Amino acid sequence: MSIDNYKLTSMEEPTDEVLSQLMREAAEDAKQKRAEATARFFGQLKHESQKISTAWQ
């Protein structure tokens with residue numbers, strides 16, 4: 001069994017290697033999404049603070 005032909009809905013248990021690879025890929029995806037969300041959050045925060053700063057001038 002390989003990661004290419006394993007389906008999570010399968011009644012068959014994944015091998016340790018396949019499970020390890022699935023978990024590694026999930027962790028990488030989560031890390032990337034967290035970094036993107038953090039960048040969006042701080043970009044929005046900066047944008048809003050600039051609007052407030054401009055309003056006070």
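When a residue number appears, it is its place in the shown sequence, counting from 1. Model, not experiment: these values are computed from the prediction. Heavy-atom basis, side chains included; hydrogens, waters and symmetry copies ignored.
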My understanding is that only residues two or more places apart in sequence, or in another chain, count here; which of them pass side-chain contact (heavy atoms from CB on, under 4.5 Å) with [X]?
{"X": "L19", "answer": "P14, M23"}
{"X": "T54", "answer": "none"}
{"X": "F41", "answer": "L45"}
{"X": "K51", "answer": "H47, E48"}

Inter- and intrachain pairs under salt bridge (charged side-chain N to carboxylate O under 4.0 Å, His left out), touching residues 19-28, at least two apart: none
Qualifying salt bridge (charged side-chain N to carboxylate O under 4.0 Å, His left out) pairs, either residue in residues 36-46, two or more places apart: none
Interatomic distance, I52 atom CD1 to W56 atom CH2 [nearest 0.5 angstrom]: 9.5 Å
Candidate list E13, E12, E17, test side-chain contact (heavy atoms from CB on, under 4.5 Å), partner T15, passing option: E17
Any residue meeting salt bridge (Lys or Arg N to Asp or Glu O under 4.0 Å) with K33, in chain and number order, not counting sequence neighbours: D29
Side-chain donor/acceptor of T38 to backbone N/O of R34, under 3.5 Å: yes
